[in-house]
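Single-structure report; data block below.
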Amino acid sequence: MKFTRLAVIPLLFLLLLPLPAGAQDFRKWEAQLSQFKEWLDVVGQAGSRLWLRLDSSRRPHRLYVGEGFDRADHTVKEEFVEIFSHYLAGHPEKYALIDLFDGATGAPIGEFGWGGFKLYPSYNSLAKDAAPRN
């Protein structure tokens, strides 16, 4: 009777472990992350300047955004930060915490975290400034 109890414990332990991801999943994630990186390179410093630099020396990551970010509408900003978060997390279904800073002044302008994407009320977007005032 003791022998069967000892044999059941490892079996139960193995059943409780999550199934490992297949090689196909890793290839799919890797391909998606490489697409994220290519797109982030295009919208980075040499492209539309949505972002200028990244400081990963501390957590949450500090992302310094440029004038392209300021000119973009809210939806584009949110999608950009979400993709950047996936890329930093190293998985297309997980997120990394990001603090957003203005690239010119270094002032905090927003964050992406547990509560989603949020821009601080003190942030003045060029898109808002360019809108006609009545």
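Keep in mind it's a predicted model, so treat the numbers as computed, not measured.
- Using the six-membered ring where Trp is involved, H91 and W29 have ring planes that are tilted, between 30° and 60° apart.
- In the hydrophobic cluster analysis, where Ile, Leu, Val, Met, Phe, Trp and Tyr join through side-chain heavy atoms closer than 4.5 angstrom, I83 is grouped apart from L52.
- For the pair L88 and L63, the minimum side-chain heavy-atom distance is 4.5 Å or more.
- Both Y87 and F112 sit in one connected hydrophobic cluster of ILVMFWY residues. Membership requires side-chain heavy atoms under 4.5 Å apart, directly or through other members.
- Aromatic ring orientation, H86 versus F36: parallel (interplanar angle below 30°, classes split at 30° and 60°).
- Rounding to the nearest 0.5 Å gives a distance of 11.5 Å between NZ of K118 and CG of L100.
- One N or O on the side chain of R59 and one on the backbone of S56 form a donor-acceptor pair closer than 3.5 Å.
- More than 12 heavy atoms of other residues, nucleotides or ligands lie within 6.0 Å of OH in Y64, so this atom counts as buried by the packing criterion.
- With hydrophobic clusters built from ILVMFWY side chains whose heavy atoms lie under 4.5 angstrom apart, L40 does not share a cluster with F101.
- The CD atom of E79 lies 10.5 Å from the NE2 atom of H74; values are rounded to the nearest 0.5 Å.
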Pair Y123-D70, side-chain hydrogen bond (donor to acceptor under 3.5 Å, both in side chains): steps then yes or no:
CA-CA 9 Å; Y123 171 64; D70 291 335; 2.6 Å; yes

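- A distance of 7.0 Å separates CZ of F80 from CZ of F69, quoted to the nearest 0.5 Å.
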